Each structure stands twice: as structure tokens, then as C-alpha cells.
Amino acid sequence: MLTLSSISVAFAGRTILHNVDFTLAQGSFCGLIGSNGSGKTTLLRTILGLVKPDRGTVDTGGHEIGYVPQKIQLDPFMPLRARDVVALGLDGNRFGLPLPSAARRRTVDAMLTAVDATGFADRRVGDLSGGQQQRIMIAHALVRRPKLLLLDEPLANLDLRSVAEVVSLLHTLSFEQRITVLLSAHDMNPLLPVMDRIVYLANGSSVSGTVGEVVRGAVLSRLYGYHIDVIRVHGRVLVVAAGGEDGLDADIACEPVHVTQIR
Amino acid sequence: MIGAAFFSNGPVQVALIIGGGAALVSAVVGVFTVLRGQSFAGHALADISSAGGSAALLFGIRPLAGFLAMAALGAGGMEAIGARQIRERDLVTGIVLGAGLGVTALLLYLDMTTTSASGAANTVMFGSMFAIAPSTIPLALGVGALALAMTAALYRPLLLIAIDPDLAAIRGIDPRLIGLAHLLVLAIAVALSAMTIGAILSTALLIGPAAAALRLATRPGTAILIAAAIGLCATWGGIALAYDSFYWTPGHGWPVSVFVVMIVLAAYLAAGPLGTALARRRMAGS
């Protein structure tokens with residue numbers, strides 16, 4: 001479904017990604033986990049073909065890809081209703097004015113129903129809550145029925161209830177329509193119940209596998225290059241860098257490597 | 001007052017046709033200009049086009065041709081220097097604007113010293129709605145129609161890019177190419193209104209109606225219709241008031257531009273509270 005082979009990307013001489021490899025099977029739900037600046041967005045943009053890798057190949061099997069970009073800043077006065085945003089996912093690349101079409105409307109309505117957005121379909125997108133906007137962007141990405149869906153930090157800036165709703169919506173869509181989902185997040189905890197694969201990024205390198213295989217002190221210590229503890233508490237995972245007792249540079253030890261907060 | 005004499009007056013007819021066309025094009029193009037955050041670029045292109053207007057006076061060519069050529073050149077200049085980020089884009093716009101106005105200053109000086117066009121600065125900067133040659137009508141309506149057709153063609157890609165440029169890019173649309181095409185349409189729009197209400201005031205017809213419409217509309221088509229209506233009302237209303245003003249202060253009338261700008265301002269100020277009230281009703285209804 002999706003195979004990345006030794007992808008390396010550098011901007012202005014700075015290495016962003018180094019030899020990133022992983023494969024996703026059809027229908028898998030994969031979290032792309034890493035702290036801010038770890039290269040998650042660059043990796044997603046490379047898969048989309050928006051960034052040309054310096055080395056390595058991306059094989060999407062010729063599948064069309066749905067994409068939800070990071071932090072869409074919708075102008076509050078953007079004259080678009082939620083359904084207009086979904087319709088633009090269908091044919092926004094076409095030139096000329098859209099002609100009213102019953103088929104187009106049916107497709108958009110079906111998608112709005114699939115993301116449970118019929119209640120606010122005719123509201124201006126700028127007036128919607130963060131969680132509602134995220135649903136609409138997911139509908140925009142899926143309205144052409146792609147089999148691969150990439151989402152960049154879709155859970156950031158959402159309240160806890162919206163996080164749970166978006167995760168459960170994505171899981172349902174992935175399960176029912178056999179869509180492969182790859183979504184980036186700096187906090188893996190909301191995804192633990194639903195993800196069957198994880199790609200963990202740090203220092204431009206990656207490890208991938210099941211959560212059990214990857215989220216282990218030994219594995220992450222090798223990835224980060226210094227000692228990492230993985231602590232499981234109350235069903236949550238905390239990834240923490242050990243203090244200076246390992247002889248780490250003070251500033252490395254102080255770097256907030258942990259990717260979770262205790263709520 | 002306004003009567004048969006108004007509509008049978010030659011300069012008034014030309015002003016109604018060309019002014020109306022300029023207002024319509026500016027309002028429609030303005031909606032996308034505001035959405036793209038390019039108000040400053042629009043204003044800069046108008047000011048830059050004034051160099052073309054002043055050159056036209058100097059060389060005795062059609063003013064609209066001068067305005068158009070210089071606005072297009074300015075758009076090309078902004079694109080050639082290029083800028084990836086909004087902040088950088090503003091800097092590039094400012095630099096091209098400065099260069100354009102420098103040329104204008106020279107040309108206006110030459111206009112006034114070497115030709116009989118003593119009112120050149122006033123004409124170029126603040127418009128000359130009643131002094132447009134009737135022979136300009138075909139060119140004005142032609143380029144206006146071209147601008148509207150291009151906007152219709154770019155309609156969906158422009159909206160998609162306004163949501164997020166990457167969403168357009170993954171669907172095979174080059175946001176930069178679409179941006180350049182829109183910049184050229186913008187150049188046509190401001191050249192038309194620079195000739196009618198003046199280079200400096202053309203921003204009023206470009207941004208005002210669009211900004212007011214965006215406070216009221218929930219869909220793009222409605223926003224465009226509202227903006228067009230405001231632009232036309234302001235321009236035609238302005239022409240009527242300016243015509244009427246010949247009776248207020250005997251011997252000389254007031255400039256059309258003053259009235260146009262005032263009506264646009266009034267529409268924008270009214271749109272704020274009206275938009276809030278409409279939004280409240282929509283929220284209550286859903």
C-alpha cells in the first residue's frame with residue numbers, strides 16, 4: 001500500500017530525514033510520532049510528492065492520497081460553508097464555475113453523513129469549532145474515496161472530547177472502508193487504543209513496528225542516542241529522557257524529549 | 001437635477017459605462033484579492049499603474065493602455081522577484097511600489113513641464129471619470145470581460161488555495177501559477193479603476209465592496225454578487241451625485257471619486273453590524 005525506502009531529505013544543508021524506511025499494509029492505522037521539529041510534516045509532504053527526497057523512493061502503488069494539512073487557519077470571513085469545503089475536495093482542481101449537479105450534491109451529502117457533519121453542513125466553516133472543522137477537512141480529504149489518508153497533527157489544538165471523537169471517527173472510517181491511515185502526532189496516547197503500527201521519528205531517523213515493538217526504552221534509546229525510559233502508568237505511556245546521571249550534556253538532558261503530558 | 005439631461009449627457013454616458021465596468025471587475029476580483037490577503041499588492045499595482053497613466057499623457061497614447069501596461073509590468077515584477085512568505089511578499093510589493101512611484105514622479109514632472117497637461121497629477125492620481133474618451137469603451141469593456149472570464153476560470157482553484165495551497169498542489173494545481181494569473185487579473189482590475197476613480201482611490205473599489213460582502217455572505221457566489229452590487233451602486237451613485245453637485249456650488253462640480261469612496265465606506269461600516277446580526281440569526285437557526 002505504502003512503502004518508503006531509505007528516504008533522506010535535507011534543507012539548506014541541514015538533515016531533516018535520514019534513511020527513513022517503513023511499509024504500511026492496506027487498512028492499517030499508523031501513528032507517526034515525534035516531537036516538534038522531528039520531521040513529521042516533511043515526511044508527510046514527501047509521501048505526497050510536495051517535497052522531493054534527496055535519496056530514496058516513495059511507492060504509493062499509484063493510489064490517490066487524501067490529505068489533511070496541519071493547523072488550517074480558516075479566515076473567519078471565508079465565504080465557504082462546510083459543504084463547499086467538501087465539494088472543493090471533489091473537484092476544486094477543475095477550472096471554471098461549478099455547475100449545480102444532483103450527483104455532486106449526493107456525493108457531498110454522503111460524505112458529510114460519513115463524518116457526522118450533517119448538523120452543521122450549511123454553516124460557514126470559520127464559525128465552526130476546531131473539532132467540527134477537523135471533521136470537514138477529513139470529509140474534504142476522503143470525498144474522492146482515496147485508499148490512503150495522511151493527516152498532519154489532526155489532534156493538536158483540540159479539546160479532549162474532540163480528540164476522542166476525531167480518533168474514533170478515523171478508526172471507524174479506516175475499519176469500514178479499509179482506508180490506510182497515517183497520522184502524525186506529538187502525543188501518542190490518544191492513538192494507543194486504535195493504532196496497529198507506529199513510526200517513531202527522532203533525530204531525522206525512524207523506527208517502525210507495532211507499539212509493543214517500538215515503544216520500549218532500549219529501542220527509543222538507540223533512536224535518540226541517549227538513555228530513554230518508557231513508563232506506563234494508568235494505561236498511558238510516558239517517554240522521558242533520563243537526567244544527567246548518565247553523563248549526558250546538560251542541554252541534551254534538559255531537552256524535553258517526553259511526548260506526553262499528564263492530564 | 002437627475003433627469004433626462006443626465007442620461008443624455010455624453011461624458012455621463014461614458015462614465016456610467018466605463019465606471020460601471022471598472023466597479024464590477026474590481027468588486028469581483030477584490031473578493032479573491034481579500035481572501036488571498038493581497039490587498040496591499042492590489043493597492044501597489046494601482047499606484048504603479050499611475051506611471052503608465054502619466055506616460056500616456058506624455059506620449060499622447062490612450063491612458064487606459066498606459067495604466068494596463070504598467071500594472072501588468074508591476075505584477076510581473078512582483079512575481080519575478082518572488083516571495084514565498086506573506087511577510088516577504090509585502091516587502092517585495094513595497095519595493096516594486098517604490099520603484100513604480102519614482103517613475104511616476106518623473107513622468108508627472110515631465111507631463112507638467114513639457115506638455116500642456118497642467119492637471120496631470122490630479123487626473124492620474126484622483127481620476128477623471130468625466131474626461132474619458134468614448135473611443136476607450138471597447139478596450140475597457142474588452143479587458144474587463146477578459147478579467148471576469150479569467151476569474152471564472154480560476155474560481156475553484158483560487159478557493160482551494162485559499163483553504164491551503166498544499167491541497168491544491170496535491171491535486172496537480174500549481175499555486176504559484178494560479179497566483180500569477182490572479183495577479184494579472186488584479187492588474188487589469190486596478191488599471192480600469194485607476195483610470196476612472198484614480199490610481200490612489202482605486203483601492204476603495206477593489207477592497208471596500210469585497211470586504212463588506214465577506215462580512216455578509218456565507219458562500220463565494222453570494223459574496224461576489226454582493227460585492228458587485230456595492231461597487232456598482234457606489235460608482236453610479238457617485239456619478240449621479242457628482243453630476244448633481246454642479247448645482248450645489250455653481251460653476252464647478254465635485255470630483256466623482258469623493259462620492260464613490262464615501263458610499264463604499266458607508267457600505268462597509270453598515271456591513272459590520274449587519275453581518276453580526278445575520279451570523280447570530282444563523283446560529284440561532286441551526
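Heavy-atom basis, side chains included; hydrogens, waters and symmetry copies ignored. Here is the naming used below: chain letters follow the sequence lines, and residue numbers restart at 1 for every chain. Fair warning: this is a prediction, and the values are worked out from it, not measured in the lab.
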Self-check item: Value rounded to 0.5 Å, distance of CG in A:Asp84 from OG1 in B:Thr218
Solution: 8.0 Å
Practice problem: Check whether A:Asp91 gets within reach of chain B through its side chain, its backbone, both or neither, counting any heavy atom under 4.5 Å. | Solution: both
Self-check item: Inter-residue atom distance B:Arg171.CZ - A:Tyr67.OH, 0.5 Å rounding
Solution: 15.0 Å
Self-check item: Steps toward side chain to side chain contact (heavy atoms under 4.5 Å, CB included) verdict (A:Leu50, B:Asp166)
Solution: CA-CA 8 Å; A:Leu50 297 172; B:Asp166 279 352; 3.6 Å; yes
Practice problem: Quick one: which of B:Val31, B:Leu35, B:Leu216 has the most heavy-atom pairs under 4.5 Å with chain A, could you say? | Solution: B:Leu35
Self-check item: Which of A:Gly89, A:Gly126, A:Gly96 touches chain B most, by non-hydrogen pairs under 4.5 Å
Solution: A:Gly96
Exercise. In sequence, state the C-alpha distance, the side-chain angles, and the governing distance for B:Ile178 and A:Phe95, and then conclude on side chain to side chain contact (heavy atoms under 4.5 Å, CB included).
Key: CA-CA 11 Å; B:Ile178 300 291; A:Phe95 291 100; 3.8 Å; yes
Practice problem: Spell out the residues in residues 182-215 of chain B that have some non-hydrogen atom less than 4.5 Å away from a non-hydrogen atom of chain A, in order of number; otherwise answer 'none'. | Solution: B:Leu214, B:Arg215
Self-check item: Side chain, backbone, both or neither of A:Leu97 within contact of chain B (heavy atoms, under 4.5 Å)
Solution: both
Quiz prompt | Least distance between heavy atoms, B:Ile170 atom then A:Ile65 atom | solution = CD1-O, 4.3 Å
Quiz prompt | Neighbours of chain B found in residues 129-154 of chain A - heavy atoms under 4.5 Å | solution = A:Met137, A:His140, A:Arg144
Quiz item: Among A:Pro76, A:Pro79, A:Gly49, which has the most heavy-atom pairs under 4.5 Å with chain B?
Solution: A:Pro79
Quiz item: Is there any residue in residues 219-231 of chain B with a non-hydrogen atom under 4.5 Å from a non-hydrogen atom of chain A, and which ones are they?
Solution: B:Arg219, B:Pro220, B:Ala223
Practice problem: Determine which residues belonging to residues 156-163 of chain B lie within contact range of chain A, meaning some heavy atom pair is under 4.5 Å apart, and list them by number or answer 'none'. | Solution: B:Arg156, B:Pro157, B:Leu159, B:Leu160, B:Ala162, B:Ile163
